[in-house]
Amino acid sequence: MTEASSRQSSKPVKRAVIRPLLRWFDRAARDLPWRRTKDPYAIWVSEVMLQQTQVETVRPYYERFLRRFPTVQHLARARLDTVLKLWEGLGYYSRARNLHRAAGQIVARYDGHLPPTGEELVTLPGIGAYTAGAIASIAFGRREPVVDGNVTRLLCRVFRIRTDPKDSATQKEIWRLAQELLPTRRAGDFNQALMELGSEICLPRRPLCAECPLCRVCQARQHDEETVLPLRRARKAIPSYTIAIGVIYNRQGRILIDKRKPEGLLGGLWEFPGGKKEPSESLQKALRREVREELGIQIRVGRLLAVVDHAYSHFRVRLHAFICEHLSGTPRCITCSDVRWVSPASLRRYAFPAANTKIIQALREKDRRRH
DNA sequence: AAGCCGGGGAC
DNA sequence: GTCCCAGGCTT
């Protein structure tokens, strides 16, 4: 069974979403200027202004714009400069240019009336899938879905969608869910309720689940995942580093270890000296360079002891550990916070990162073979 | 699929 | 100050 087919919104699930959501909306809906009109033109203007822009920012612009251009014809006749001036400060000025262009097309092609279907609306400049669905459902009462950032977040949580909402397969699934959930009546209110709940309750970082009418059906909530969903980003190819490290012996058979700075990755842990290999250098050269830079000593790099792969949350490393010999210089901390010569047996008293303990393992096995 | 377009609010 | 937000269009 695929992920998608396991996430059908069955009849009972639909009811458990639609009824509390509409009931909540009836009680909690904000009184917004564009909710007081049924004029498709006014709703269109509001939806375009609301793209990427928050309600309180839009409010004064919307009022001024409709006073100045009360109908599609007024807007179509206006000069672009005038339209842009009214848009000044709202940002994303292509929205204003497209609005103006679309007004011309609506007059020319539709006798000044916005077409009622998403299919037609989406052909107009500046109207994409979201805005087309919003106008069709809110202004014309059609049963068409909307998916914006709020709906995406809400549905990812309610249906516990754990794939990246940006990738197209997930987008498709979210649109399908938004379509399936639509009630036969009040589709426009339902869509607005989804978006309102997303923007007021199902907040990005700290959702107010205690006040949410969908708390009981929310799958993310049931799994304590409401703050980790939706997935923030596609795991962009995590970087991979090649590291050369040295198990450096002195004449007395002791091994050199250094302590990492207290802050940052693996802070305060002990490790074998070494570091990242640059693309242009060999592992051996990288190791000699790193040890010189970190501790100010010269070494001779001997045979390869072990190769260890290790994955951190943000990157991967491949460690190449070499048996080395101390040649000259007294080790001193340049980029670490402590440094020590220790006997092989006492390595176990120091805290090492997991990747380093694998190297200690290899070291023990080598010594066992020698004895 | 990835980058661009602007401003605002949270922290 | 920095991080996060996000629809439509272009490449």
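Residue numbers start from 1 in every chain, and the chains themselves are labelled A, B, ... in the order their sequence lines are given, proteins ahead of strands.
- At a threshold of 4.0 angstrom between heavy atoms, the contacts of A/S168 are confined to the sugar-phosphate backbone, with no base atom among them.
- Between A/W44 and A/Y41, the ring-plane angle classifies as perpendicular under the 30° and 60° cut-offs.
- Comparing the C1' positions of C/dC9 and B/dG8 gives a spacing of 23 Å, expressed to the nearest Å.
- Across C/dG7, C/dC9, C/dC5, the shortest atom-to-atom separation from the side chain of A/Y92 is found for C/dG7.
- The residue among A/L124 and A/P204 whose nearest nucleotide of DNA chain C is located toward the 5' end is A/P204.
- Look at A/E226 and A/R157 and you find no salt bridge, because none of the NZ, NE, NH1 or NH2 atoms lies under 4.0 Å from a carboxylate O.
- At the heavy-atom level, A/D148 lies under 4.0 Å from the strands shown only through sugar-phosphate atoms.
- Ion pairing between a basic and an acidic side chain is recognised when a charged N comes within 4.0 Å of a carboxylate O; A/E180 and A/R176 show such pairing.
- Within the nucleic acid shown, A/R206 has no heavy atom closer than 4.0 Å to any nucleic acid atom.
- A/Y61 has its OH atom 7 Å from the P atom of B/dG8, to the nearest Å.
- Per the geometry, NZ belonging to A/K166 stands 11 Å off P belonging to B/dG3, to the nearest Å.
- Counting to the nearest Å, the P atom of B/dG7 and the CZ atom of A/R59 are 21 Å from each other.
- Rounded to an integer number of Å, the gap from CG of A/D167 to P of B/dA1 is 7 Å.
- Residues A/S137 and A/E144 share a closest heavy-atom pair of CB-O, 3.6 Å.
- A salt bridge between A/E196 and A/R35 is present, with a side-chain N of the basic residue lying under 4.0 Å from a carboxylate O of the acidic one.
- Whole-Å rounding puts the A/M195 CE to C/dC5 P distance at 19 Å.
- Nucleotides C/dT11 and B/dG6 place their P atoms 15 Å apart, quoted to the nearest Å.
- Checking B/dG7, C/dC5, C/dG8 against the side-chain heavy atoms of A/T131 singles out C/dG8 as nearest.
- One cannot find a donor-acceptor pair under 3.5 Å joining the base of C/dG7 and the side-chain atoms of A/Y130.
- Atom CD in A/Q54 sits roughly 11 Å away from atom C1' in C/dC4 (whole-Å rounding).
- Position along DNA chain C of the nearest nucleotide to A/R101 versus A/R205 favours A/R205 as the more 5'-ward residue.
- Nearer to the 5' terminus of DNA chain B, by closest-nucleotide assignment, is the contact made by A/Q52 (compared with the other of A/E56 and A/Q52).
- For the pair A/L50 CG and C/dC5 P, the interatomic distance rounds to 19 Å; values are reported in whole Å.
- Taking 4.0 angstrom as the limit, A/S94 places none of its side-chain polar atoms (N or O) nearer than this to OP1 or OP2 of C/dG8.
- The distance between atom CZ of A/R95 and atom C1' of C/dG8, rounded to the nearest whole Å, is 10 Å.
- Separation of the A/F25 and A/F190 ring centroids does not fall under the 6.0 Å cut-off.
- The residue among A/R97 and A/A169 whose nearest nucleotide of DNA chain B is located toward the 5' end is A/A169.
- Between A/T53 and C/dA6 there is no side-chain N or O to OP1 or OP2 distance below 4.0 Å.
- The phosphate of B/dG7 has OP1 or OP2 within less than 4.0 Å of a side-chain N or O from A/Y93.
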